[in-house]
Q: 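Structure incoming, see below.
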Amino acid sequence: MSSGLRSVLAATVVLSALVAPVLARAAQPGEASAAPAVPEAEDPSLVLVRVVKATKGPVTSDVVLTGDIQAQAQTNVAFRTNGKVAERRVEVGDHVGADQVLAVLEPLTQRANLDNARAALVSAEAQLTQAKVTFERQKQLISGGYTTRPSYDNAEQQLRTSQAAVDSARAALGTAEEQLSYTELRAGVPGIVMSRTFEVGQVVQAGQAVMVLAQDGPRDAVFNVYEALTAHPPGDKTIHITLQSDPAVAATGHVREISPTVDAASGTVRVKVGLERTPPAMSLGAVVIGRGRFASREAVVLPWSALYRYDDRPAVMIYDSAARTVSVRRIEIDRYGFDDIVLKGGVEPGETVVTAGIQFLRPGQRVALAAQDAGRAPTQSAAGEGGR
């Protein structure tokens, strides 16, 4: 045998001796079919979810309303006599004084009546003067016995009648002057003109409201709120008011008046909040935001991601830790927050609610819990939103 062939045979024997023990261990019973165990959280057949345990805690909710500034007292201004408008001296938005003339009627009829009353007074005064002279003459004559008693009595009666005629004429003159003053429209109170319903040349009737005047003085922040809010008002009736265009302008008020009726068109109730002090920037008609706080109460609060829709009603997914399955639970929502929901019922404290991954679930499905402190979202899982 050559030296090369002997070298190959020697190498083969050495390799067989090294491989034989390895093959023997691989052929042992029970080890041939064993496979590495797969953690449940990494099982691709299960949907990964995140959960939270429901607990009750104190809930203090705020109500935010939008309204405007109005005067606590408004006056309907009207002429006190009929006539044709000859002049209008103010516009909407003007501030007027109590005795300022706002508009004027054509005073032709009233001036004619005034002239007649003055003439009647002059005539009555002339008759009174004549009656006084006659009475004085009769008085001197009767003292000397040169006249009769009936003549003296007639002169005295004529004097009294003339004096009454003068008094009546003076009263008529005062009435005519007052009627002439009615042709000038005055508010009687200081304030701001809010609206008007007449123009120059228009014929108006006595008592017909032609202007609306917001009186100077206290102001209200007026809000239209839903009827349910008036049934359960905030615990503190103090309302904090801020100007929408400038939140730095603030005031404090208290609920002064709640309308007893509901507006048929909007379904809202008008609430008036009297301001303790009105900043100058809060002018009439300014848009303001009111904030009130409800009394604290206990309720279950869940994140928005737990909200689910089932049969067109709000629901959540409840996780059963024993069976590792989920089920649908309908809920009643008390209110919606910016990033959470406050429940009125449906979930009891201690129950486990799914907060992420619900878009992949169906009732009775087995799930796996994702690591709560994981830095990435689990596979097949995302934060749920309401209205699915």
Q: Check whether S168 reaches the backbone of A165 with its side chain - one donor and one acceptor, N or O, closer than 3.5 Å.
A: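 Pair absent, no side-chain N/O of S168 close to backbone of A165.
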Q: Between the side chain of T252 and the main-chain N/O of H240, is any donor-acceptor distance below 3.5 Å?
A: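 Answer holds: no.
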Q: Got a salt bridge between R170 and E125, using NZ or NE/NH1/NH2 to carboxylate O under 4.0 Å?
A: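 Yes.
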Q: Counting C-beta onward and ignoring hydrogens, is there a side-chain heavy-atom pair between L275 and M282 closer than 4.5 Å?
A: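 Yes, at least one pair of side-chain atoms sits under 4.5 Å.
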Q: Which atom pairs, donor and acceptor, lie under 3.5 Å between side-chain atoms of residues 149-158 and protein residues at least two apart or in another chain?
A:
unit_1: S151; atom_1: OG; unit_2: T148; atom_2: OG1; d: 3.0
unit_1: N154; atom_1: ND2; unit_2: P150; atom_2: O; d: 3.3
unit_1: E156; atom_1: OE2; unit_2: R160; atom_2: NH2; d: 3.1

Q: Where the side chain of T183 meets the backbone of L180, is there a donor-acceptor pair that is under 3.5 Å apart?
A: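 Flag set: sc T183 to bb L180 pair under 3.5 Å.
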Q: For D220, is there an ion pair with R256 - N to carboxylate O distance below 4.0 angstrom?
A: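 Yes, charged N to carboxylate O under 4.0 Å.
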Q: Can you tell me how far apart CD (Q215) and OG1 (T75) are? Round to the nearest 0.5 Å.
A: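 The distance works out to 3.5 Å.
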Q: Return the minimal non-hydrogen interatomic distance between Q208 and A78, and the atom names on each side.
A: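 For Q208 versus A78, the nearest heavy atoms are O-CB, 3.1 Å.
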Q: Output yes when a side-chain donor or acceptor of N82 lies under 3.5 Å from a complementary backbone atom of A206, and no otherwise.
A: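 Side chain of N82 to backbone of A206: a pair is present.
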Q: Considering only residues two or more places apart or on different chains, which pairs with a residue in residues 184-200 satisfy salt bridge (Lys or Arg N to Asp or Glu O under 4.0 Å)?
A: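 Every salt bridge (Lys or Arg N to Asp or Glu O under 4.0 Å) pair that includes a residue of residues 184-200, provided the two are not neighbours, is R88-E199, E91-R196, E184-R186, R196-E199.
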Q: Does atom CZ of R80 have more than 12 heavy-atom neighbours from other groups under 6.0 Å away?
A: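 Not more than 12 within 6.0 Å, no.
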Q: Kindly indicate whether the side chain of V204, heavy atoms from C-beta on, has any atom under 4.5 Å from the side chain of V210.
A: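 Yes, close enough: below the 4.5 Å cut-off.
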Q: Got a second to check how far L361's CG is from Y308's OH, nearest 0.5 Å?
A: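 L361 CG to Y308 OH: 7.5 Å, rounded to 0.5 Å.
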Q: Give me each pair satisfying salt bridge (Lys or Arg N to Asp or Glu O under 4.0 Å) with a member in residues 340-356, each pair once, sequence neighbours excluded.
A: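 Non-adjacent pairs meeting salt bridge (Lys or Arg N to Asp or Glu O under 4.0 Å): R329-E351.
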Q: Let me confirm one number: the CD1-CD1 distance from I331 to I341, rounded to the nearest 0.5 Å.
A: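 One finds 4.5 Å between CD1 of I331 and CD1 of I341.
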Q: Between D94 and R89, does any NZ, NE, NH1 or NH2 come within less than 4.0 Å of an OD or OE carboxylate oxygen?
A: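 The answer is no: the pair does not qualify as a salt bridge.
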Q: Side-chain heavy atoms nearer than 4.5 Å, only ILVMFWY residues, links allowed to pass through others: does that put M317 and Y310 together?
A: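 In one cluster: yes.
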